[in-house]
Amino acid sequence: MHIRYRVDLTESERQHLETIVAGGTRAVRRLKRAQILLAAAAGASDAEIATTVHVGTSTVYRTKQHFVERGFERALSEGPRPGGKRKLVGADEALLIATACAQPPAGRARWTLALLAVEVVRLTTQTSISRATIGRRLAENALKPWQEKMWCVPQIDTAYVARMEDVLGLYTTLPRAGTAVVCVDETPQQLIGEVRPTLPPVPGHPARHDYEYRRNGTANIFVAVDAHQPRRYTKVTARRTAVDFAEWLRDLVDLHYAGTERILIVLDNLSTHTPAALYEAFPPAEARRLYRRLEFHYVPKHASWLNMVEIEIGILSAQCLDRRIPDLPTLTDEVDAWTRARNAAGARIRWMFGIEQARSKLGRAYPSITGAGEKAAA
């Protein structure tokens, strides 16, 4: 016999259900059960509720049954559901993890879920295993073997620490009057021209580029960003030789920072980024004049993340360079326009990582001097 269950709500239960239905982040099933109970309390039939809430009449019936027999909260909550026996437990799961952490098969760059499923079937007594099961086990162990990351800090020694803390000190301490801290680097840019004209966007259709394009060579963009002022400078060149770098430094000294007595340059370890470049480009007296206005500070090797200008280059690439630019004059105009707009907006980089944070986060990697201290004491 089909039992009819009646839903009678207390005032607090009604308010609670209305709160659930009113909005917020709720599980869909819980929301629908709340709607069912409110409609049932209002006297709607099972068929009417099913149509309104977009569920089956059996769902309406079970929700009312649970409310009457098991209580208010049980009617709203998701009960445990029967499921199949868990696959890959114990030794089989351990074998999966070990396999995912090992080298992939010959001819493959990395493990995929499909490859791991095949390998688990080969190595265990499992007759079949789905990629979804493999993915769940990897997620439970926080493993993503198809992803890779570059080493940010391969090894910290005393040379690394010295350069890192030198640069961080420049970023986190305001320079004295007449001094500026300027981060310098460059980025290459492919010059790519269209073979056929681009079709502009129209309502209903995006802009359309032909798949075919013409390579027009490469260019270079020098970028300098002030560590403490909302300003940056750029220069487009055809090459990035030591002479080009030296001429870029002269622009900083005589044009962009003409009224600054001392410019502290932060740069990486590229072979052209040395004071010697000044002597390759200019007569000795001129090179010496420029060199006396400059002070070179190098980030550690393999630590370009410590050069603030890398952030600025990333923004330049995303906002200005992520498209086809055909030639050097166009690139120059576009980069100059981007630079002027960004300076006019007062955009700046706020560096939040200082020496104390470095010692806290990288403390274990800092070189130990315990042995040296004991020898000195002896």
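Here salt bridge (Lys or Arg N to Asp or Glu O under 4.0 Å) pairs that include residues 87-116, with residues two or more places apart or in two chains, are Arg86-Glu93. Contacts classified as salt bridge (Lys or Arg N to Asp or Glu O under 4.0 Å) and involving residues 60-70 (residues at least two apart or in different chains) are given here: Asp46-Lys64.
Taking every heavy atom of both residues into account, Leu267 and Phe245 meet most closely at CD1-CZ, 3.8 Å.
Residues passing the side chain to side chain contact (heavy atoms under 4.5 Å, CB included) test with Glu119, sequence neighbours excluded: Thr99, Trp111, Arg122, Leu123. Here Arg323 pairs with Cys320, Ile325, Glu334 under the side chain to side chain contact (heavy atoms under 4.5 Å, CB included) rule; sequence neighbours left out. Evaluation of the side chain to side chain contact (heavy atoms under 4.5 Å, CB included) rule for Arg342 yields Arg232, Glu312, Ile315, Trp338, Ala347 as partners, not counting sequence neighbours. The side-chain hydrogen bond (donor to acceptor under 3.5 Å, both in side chains) check on Thr234 picks up Thr339, with sequence neighbours excluded. Applying the salt bridge (Lys or Arg N to Asp or Glu O under 4.0 Å) rule to Asp322 yields no partners; only residues at least two apart in sequence or on another chain are considered. Partners of Tyr298 under the ring-ring contact (aromatic ring centres under 6.0 Å, His included) rule, at least two apart in sequence or in another chain, do not exist in this structure. Residues satisfying the salt bridge (Lys or Arg N to Asp or Glu O under 4.0 Å) criterion with Asp166, sequence neighbours excluded, are absent altogether. Shown here are the ring-ring contact (aromatic ring centres under 6.0 Å, His included) partners of Phe72, two or more places apart in sequence or in another chain: His16.
Tyr291 has its ring centre no less than 6.0 Å from the ring centre of Phe282. Between Tyr171 and Phe353, the distance from one ring center to the other does not fall under 6.0 angstrom.
Between Val60 and Val55, the closest side-chain pair of non-hydrogen atoms falls below 4.5 Å. Between Val225 and Cys183 the shortest side-chain heavy-atom distance falls below 4.5 Å. Contact check for Val68 versus Arg6: no side-chain heavy atoms found under the 4.5 Å cut-off. Residues Arg262 and Glu295 are in side-chain contact: their nearest non-hydrogen atoms beyond the backbone lie under 4.5 Å apart. Leu328 is not listed as a side-chain neighbour of Asn216, based on a closest heavy-atom distance of 4.5 Å or more.
Between the side chains of Asn343 and Tyr233, no donor-acceptor pair of N or O atoms lies under 3.5 Å. Between the side chains of Asp327 and Thr330, at least one donor N or O lies within less than 3.5 Å of an accepting N or O. His273 and Glu186 share a side-chain donor-acceptor pair at under 3.5 Å.
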| task | Take Asp254 and Leu290 through the test side chain to side chain contact (heavy atoms under 4.5 Å, CB included) and record every step on the way to the result. | result | CA-CA 9 Å; Asp254 292 341; Leu290 297 172; 4.2 Å; yes
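Panel note: side chain Thr133, backbone Ile129; no donor-acceptor pair is recorded below 3.5 Å.
A distance of 10.0 Å separates OG1 in Thr237 from CH2 in Trp248, rounded to the nearest 0.5 Å.
Ion pairing between Arg163 and Asp157 fails under the 4.0 Å rule for side-chain N and carboxylate O. Look at Arg293 and Glu286 and you find no salt bridge, because none of the NZ, NE, NH1 or NH2 atoms lies under 4.0 Å from a carboxylate O.
Other residues, nucleotides and ligands contribute only 12 or fewer heavy atoms inside 6.0 Å of the CD atom of Gln103.
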Taking distance alone, no hydrogens or angles, what donor-acceptor pairs closer than 3.5 Å link side-chain atoms of residues 34-43 to residues at least two apart or in another chain?
none

Distance-only criterion, 3.5 Å: show the donor-acceptor pairs between side-chain atoms of residues 355-363 and protein atoms not counting sequence neighbours.
{"unit_1": "Gln357", "atom_1": "OE1", "unit_2": "Gly354", "atom_2": "N", "d": "3.1"}
{"unit_1": "Arg359", "atom_1": "NE", "unit_2": "Glu165", "atom_2": "OE2", "d": "2.9"}
{"unit_1": "Arg359", "atom_1": "NH2", "unit_2": "Glu165", "atom_2": "OE1", "d": "3.0"}

